[in-house]
There are 2 protein chains.
Amino acid sequence: MKKKISIHDIARHCNVSSTTVSFVLNNKAGENKIRKEVADKILDYVKEVNYTPNHVAKSLRTGKTRIIGMLVEGISDPFFAAIAKGIEHRAYKLGYKIFFASTDNDTNKAKDLIKVFRERQVDAYIIAPPPGIEDDIRSLIEDETPVILFDRYYPSVNTNNIIVNNYDGSYQAIRYLQQNKYVNIGFVTLESSQSQMEDRMKGYLDAIKGNNQTSYVLKVPYSLTDPDILNHIKDFLNKNSVLDAVLFGTNYLASNGLEAINALQIKVPEDIAVISFDDSPIFRLISPTITAVAQPIENIAEAVIKRLMTCLYDPIANSKTETIVLETEFIIRNSSAKKTKKRLVV
Amino acid sequence: MKKKISIHDIARHCNVSSTTVSFVLNNKAGENKIRKEVADKILDYVKEVNYTPNHVAKSLRTGKTRIIGMLVEGISDPFFAAIAKGIEHRAYKLGYKIFFASTDNDTNKAKDLIKVFRERQVDAYIIAPPPGIEDDIRSLIEDETPVILFDRYYPSVNTNNIIVNNYDGSYQAIRYLQQNKYVNIGFVTLESSQSQMEDRMKGYLDAIKGNNQTSYVLKVPYSLTDPDILNHIKDFLNKNSVLDAVLFGTNYLASNGLEAINALQIKVPEDIAVISFDDSPIFRLISPTITAVAQPIENIAEAVIKRLMTCLYDPIANSKTETIVLETEFIIRNSSAKKTKKRLVV
DNA sequence: GGTGAGTACTAAATCGATTAAGTAATTATT
DNA sequence: AATAATTACTTAATCGATTTAGTACTCACC
């Protein structure tokens, strides 16, 4: 890499000090009484040689990188991809750049990535935390670096959290199925004690018990890859042929579930109704279209950025914490059509 | 943000110079004859206070950030998401971090992002170039910063390119349809003069002409949003009811196309066969499953990283350029089943 | 006992910006 | 005419690392 032009090179060429160049480049020419002709001379030369400031040096001096580190479970998951896009877009307009990284919900990978972010001196963190990084989060907070958790949080750690009403989301979905005469409703979730999954489970169980129905739960072990998830779900459906509806706890469980259902030649919604917690663009594309408990992506992105900016610019606000709970939206599509008499005779 | 511990704080506490601390932390204790007890004292203290080096300072001094800037069309596109994942994974193992950004194929956004990357002193670039940034690419090359283009390239700029055989991909797809008795085969592509789209078009046209068939081409204008794309395709299908097969030029054209086909109540593959250039995870999920010209994602990622590392560590290699062409894989699924007599009578 | 080699470190320059404090020249005020 | 204020800059310290060129000391060897 060729040596790049620095502020000193510009200063030398224009017969001024580097301070003057810095003032001009940072729009402080006015308040520092730099004459217009001097400013213009500098600006002209800057344009001529296509100078771009060295942000590394700038960051070292100012202690600010204007970079925000963002940890998600997987950037290819449509939910996280959409959140990331919404956040990046807003951050960009405010002059911040987002560093993305996927944890794959792996504790050690997440710890590692936080270390990388720390080394790069990111100004703040946006994290969908995997299990087991409580201490790392605490340590960031001790440094007084703004941290926002989203999608899930640790009840044991005092943080800023932007979450959705997971309990209500699954409760509503089950109530809807019950009102449409479904009686044997299953729930496919993850073997996980993360807050969002526990809340979805509670919503399911309360709705089932409230209606005196039997619960059928499959907890898929964490860190399975796709074909294994599919097989677990196949087994579950085979062993519980009485099921006439299933709620899937995440969109990728739903995707795998649909593939399992296809493979077993079961018809949706004739033989079994399907609802996904978490919407996905493909759910309105496929036939039948899939009913979903949608998370309010744009609202989440907005809330995250708003709280983050407050924390960045107001140390007092940053020393406090806030938990914002947003409501889900229940989107009824074809996969959960009202159960007819005919279909009751399974 | 609280002031963090620096190498000088460690030096002071351990009664050594910062040079010694630097040597110890960079595994140069041995070659610099630092005694084991001194090294251990430093290492113990470093662990005790949870010191993480300031990579901003390090980068300023060394001129290397170990960050690679990557520009893709849209990180939510399954093709780019998969490539990004493959590249990130490989780069991570080599101690590099990838900075992603989406251009949305917008010239100005891309120029802007390159400027941001430059300011942050990224060590190298991986770019799927939108139209019109030839000069920016040339300018990077003048700086002797390694640049790899992928997916498409500028014939007029001398760069390192990793691309697929687009011509052959669509040629093969059309030949396959012809062998299965399809006669009125359309091509839905983008209004674009980018290399990959032009090559796909040529492959289509040559195969059609080679068989003395009529070509039916829809060029969707660039920068349309989803509902508009969908409407354009609906119109095209309505006006050309004679079509018995369509090749879509990208996976999102195919997604929109399928939605259009659904809306028009046309059956795939009974009424019309469908092939997508570019595979997508959803294509094996939906019913019918979609035949696709798949790009060799892992090979592309591998080739990009390999060439990039060569350029980073070998200035002579970096002064030369190389274009690597990878072959596509034709994945036959249900949406292009062999045309039967019955279906010939449309 | 003088020279050379090796050991175990340190001083200080450097990367490219920002910024507090200072200065010389001009203009204004009393 | 002396002093104060303003203008239009500059000097030099600083951020936190790396790295070149030392320094002081011990030990060996002729």
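In what follows, every chain begins at residue 1, and chains take the letters A, B, ... in the order their sequences are listed.
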> Distance criterion of 3.5 Å, no angle test: do you see the side chain of B/T19 paired donor-to-acceptor with the base of D/dT19?
yes
> Take atom CD of A/E119 and atom P of D/dG16, then tell me their distance rounded to the nearest Å.
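That distance rounds to 15 Å.
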> Testing the 3.5 Å rule here: is there a donor-acceptor pair between the side chains of B/Y222 and B/Q194?
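Present: a donor and an acceptor within the cut-off.
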> Does a nitrogen or oxygen in the side chain of A/K33 sit under 4.0 Å from OP1 or OP2 of D/dT7?
yes
> Between B/S22 and B/T19, is any side-chain donor less than 3.5 angstrom from a side-chain acceptor?
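Result is no, nothing qualifies.
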> Between A/K2 (NZ) and C/dG16 (P), how many Å, whole number?
15 Å
> With a cut-off of less than 4.0 Å, is there a side-chain N or O of A/K58 near OP1 or OP2 of D/dC15?
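Answer is no, no contact under 4.0 Å.
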> Should A/R35 be listed as having a side-chain N or O under 4.0 Å from OP1 or OP2 of D/dC9?
yes
> For B/N161 and B/T159, test the side chains for any donor-to-acceptor distance below 3.5 angstrom and give the result as yes or no.
yes
> Compare every heavy atom of B/C14 with every heavy atom of B/I42, then report the nearest pair and how far apart it is.
CA-SG, 4.1 Å
> Can you tell me the distance, in whole Å, between the CD atom of A/E31 and the P atom of D/dT6?
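From A/E31 CD to D/dT6 P: 16 Å.
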> Using atom CG of B/L25 as one end and atom P of D/dA17 as the other, report the distance to the nearest whole Å.
9 Å
> Taking NZ in A/K85 as the centre, count heavy atoms belonging to other residues, nucleotides or ligands within less than 6.0 Å. Is the count above 12?
no
> For D/dC9, take OP1 and OP2 only and decide whether either is under 4.0 Å from a side-chain N or O of A/N32.
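So the side chain of A/N32 is outside the cut-off, no N or O lying under 4.0 Å from OP1 or OP2 of D/dC9.
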> Strictly by modelled atom types, are B/E88 and B/Y96 linked by a side-chain donor-acceptor pair under 3.5 Å?
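Judged by distance alone, the side chains do not pair up.
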> Looking only at the side chain of B/S22 (C-beta and beyond, no hydrogens), which of the listed nucleotides D/dT18, C/dT10, C/dA17 gets closest?
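The closest nucleotide is D/dT18.
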> Would you say a side-chain N or O of B/T20 is under 4.0 Å from OP1 or OP2 of C/dT10?
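Yes, within the criterion.
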> Measure the distance from CZ on A/R118 to P on D/dA17 and round it to the nearest whole Å.
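The distance from CZ of A/R118 to P of D/dA17 comes to 13 Å, rounded to the nearest Å.
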> Whole angstroms only, please: what is the CZ-C1' distance between A/R66 and C/dA17?
16 Å
> Consider the side chain of A/F23, meaning its heavy atoms from C-beta on, and name the nucleotide among C/dA17, D/dT19, C/dT19 that approaches it most closely.
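It is C/dT19.
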> Let me know the distance between CG of A/D9 and C1' of C/dG16, rounded to the nearest Å.
10 Å
> So if I take residues 37-56 of chain B and measure heavy-atom distances to DNA chain D, which residues fall below 4.0 Å?
B/Y51, B/P53, B/N54
> Select from B/L60 and B/K36 the residue whose nearest nucleotide in DNA chain C is closer to the 5' end of that strand.
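Its nearest nucleotide lies further toward 5', so the answer is B/K36.
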> Will you find, in the side chains of A/T65 and B/R120, an N or O donor that is under 3.5 Å from an N or O acceptor?
no
> Expressed as a whole number of angstroms, how long is the span from B/I5:CD1 to D/dG16:P?
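So the two atoms are 11 Å apart, to the nearest Å.
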> Is a side-chain N or O of A/S6 found less than 3.5 angstrom from the main chain of A/H8, in a donor-acceptor match?
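Yes.
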> Under 4.0 Å from OP1 or OP2 of D/dT11: is there any side-chain N or O of A/S17 that close?
no
> Please determine whether a side-chain nitrogen or oxygen atom of A/K64 lies at a distance below 4.0 Å from atom OP1 or OP2 of C/dT18.
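For A/K64, the contact criterion (side-chain N or O under 4.0 Å from OP1 or OP2 of C/dT18) is not met.
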